[in-house]
Amino acid sequence: MIKYFNPSQNQSLYDFTADLQDLLEKHDYMNREIVLICIGSDRATGDCLGPIVGHKLRLHEQRFHKKGFHLYGTLEKPIHAKNLEATVGFIQLYHPGALIIAIDASLGVSNHVGYITLGEGPLNPGVGVDKNLPAVGDIFITGIVNLSGYGGQLLLQTTHLNLVMQLADFIALGLYRCLLRSKFRPALQRAE
């Protein structure tokens with residue numbers, strides 16, 4: 001089941017954080033490493049949501065103070081179509097059994113543009129732009145940055161940066177609050 005959150009509504013951040021916490025508990029996160037994989041390219045405005053979220057979390061890594069949390073995909077080292085498969089292989093090799101949270105931009109219907117989605121199961125990156133990429137994650141978070149349909153790649157390149165930044169702020173803050181509030185309180189590890 002996919003849940004939608006409107007960042008402009010006051011209660012949304014609280015609801016997002018609570019629902020994410022429920023999913024983490026369902027997946028026994030206390031006894032597992034957590035891997036965040038922030039997918040996207042820094043070359044198209046609409047596709048840079050994941051790397052911006054990774055960048056924002058990386059800026060606050062000193063506030064997480066326990067090992068077991070790993071971050072892949074930042075503005076400096078984005079995870080995109082050309083290196084996603086290798087990154088997924090690396091994660092499977094070096095973090096076996098980890099709980100993987102995948103974050104990416106997505107395209108959607110007009111009344112959902114500007115919303116965040118949260119769901120259980122793998123994320124299928126690239127679907128909105130007709131790319132066949134490996135599914136990744138146990139939990140997914142997306143920000144709907146533009147309309148789906150014909151010309152998906154062009155839509156990603158003409159997306160307003162302000163919208164992407166608002167969605168990235170919401171996701172990063174929600175992850176930050178959820179992970180700090182939990183008993184686990186992991187530290188971000190530098191991606192290899």
Side-chain angles (χ1 to χ4, degrees), residues 1-24 36-60 71-76 78-81 84 100-131 133 135-181:
M1 178 155 114
I2 300 174
K3 295 194 175 184
Y4 291 82
F5 303 91
N6 181 351
S8 66
Q9 293 178 342
N10 291 337
Q11 186 72 16
S12 285
L13 185 61
Y14 174 82
D15 292 340
F16 173 79
T17 305
D19 287 344
L20 178 57
Q21 185 69 38
D22 289 344
L23 283 175
L24 290 172
L36 272 183
I37 182 166
C38 301
I39 302 165
S41 170
D42 61 341
R43 295 179 180 231
T45 308
D47 198 29
C48 66
L49 176 73
I52 290 173
V53 170
H55 176 78
K56 289 177 175 293
L57 291 173
R58 174 74 68 218
L59 291 175
H60 298 287
L71 175 66
Y72 295 90
T74 62
L75 287 172
E76 183 182 0
I79 306 300
H80 46 68
L84 178 64
I100 300 173
I101 302 172
I103 297 131
D104 197 4
S106 67
L107 301 174
V109 296
S110 62
N111 59 337
H112 283 155
V113 172
Y115 277 60
I116 303 296
T117 68
L118 172 65
E120 187 174 14
L123 175 72
N124 293 302
V127 169
V129 290
D130 296 323
K131 290 187 180 178
L133 299 171
V136 60
D138 301 296
I139 296 170
F140 65 85
I141 300 169
T142 67
I144 303 172
V145 298
N146 216 324
L147 298 171
S148 62
Y150 181 75
Q153 192 63 41
L154 180 61
L155 289 170
L156 286 177
Q157 293 175 0
T158 59
T159 297
H160 293 282
L161 181 60
N162 184 53
L163 174 63
V164 174
M165 293 301 289
Q166 288 174 6
L167 296 174
D169 286 342
F170 182 94
I171 294 168
L173 184 57
L175 285 164
Y176 184 76
R177 285 185 176 179
C178 183
L179 294 171
L180 280 180
R181 186 178 70 187

Stepwise side-chain contact (heavy atoms from CB on, under 4.5 Å) test for Ile139 and Leu24: CA-CA 8 Å; Ile139 296 170; Leu24 290 172; 4.2 Å; yes

Derivation and outcome, side-chain contact (heavy atoms from CB on, under 4.5 Å), residues Leu23 and Ile101: CA-CA 10 Å; Leu23 283 175; Ile101 302 172; over 6 Å; no

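- Leu20 CG to Arg177 CZ: the interatomic distance, rounded to the nearest 0.5 Å, is 13.0 Å.
- Looking at Leu71 and Cys38, their side chains come closer than 4.5 Å, going by heavy atoms from C-beta outward.
- Taking the six-membered ring where tryptophan is involved, the planes of Phe16 and Phe5 are perpendicular, since the angle between them exceeds 60° and thus also 30°.
- Contact record, Ala168 with Ile52: CB-CG2, 3.5 Å, taken as the closest heavy-atom pair.
- Side-chain contact between Asp47 and Val164 is absent, with no heavy-atom pair separated by less than 4.5 Å.
- Heavy-atom contacts from other residues, nucleotides or ligands closer than 6.0 Å to CG of Asn10 number 12 or fewer.
- Contact record, His80 with Gly40: CB-O, 3.8 Å, taken as the closest heavy-atom pair.
- In this structure a side-chain-to-backbone donor-acceptor pair under 3.5 Å is present from Asp138 to Ile100.
- Side-chain atoms of Thr45 do not come within 3.5 Å of backbone N or O of Leu161 as any donor-acceptor pair.
- The line from CD1 of Ile39 to CD1 of Ile141 is 11.5 Å long, rounded to the nearest 0.5 Å.
- The CD atom of Glu120 lies 12.0 Å from the CG atom of Asp19; values are rounded to the nearest 0.5 Å.
- Of all heavy-atom pairs spanning Gly46 and Ala105, the tightest one is O-CB, 3.1 Å.
- None of Ile144, Leu123, Leu49, Val145 except one satisfies the side-chain contact (heavy atoms from CB on, under 4.5 Å) rule with Ser106; the exception is Ile144.
- Separation of atoms OG1 (Thr142) and CD1 (Ile171) is listed at 7.0 Å; rounding is to 0.5 Å.
- Judged by distance alone, the side chains of Asn146 and Thr159 do bring a donor and an acceptor atom under 3.5 Å apart.
- Using a 4.5 Å heavy-atom cutoff, the side chains of Phe140 and Asn124 are not in contact.
- Closest approach of Asp104 and Pro125 over heavy atoms only: OD2-CB, 3.5 Å.
- With rounding to the nearest 0.5 angstrom, the SG atom of Cys48 is 8.0 Å from the CE atom of Met165.
- Annotation: the span from Leu173 atom CG to Thr17 atom OG1 amounts to 7.0 Å, rounded to 0.5 Å.
- For the residue pair Ile116 and Pro7, the shortest heavy atom distance occurs at CG1-CG, 3.9 Å.
- The only option from Thr74, Ile79, Leu75, Ile103 that meets the side-chain contact (heavy atoms from CB on, under 4.5 Å) definition with Pro51 turns out to be Leu75.
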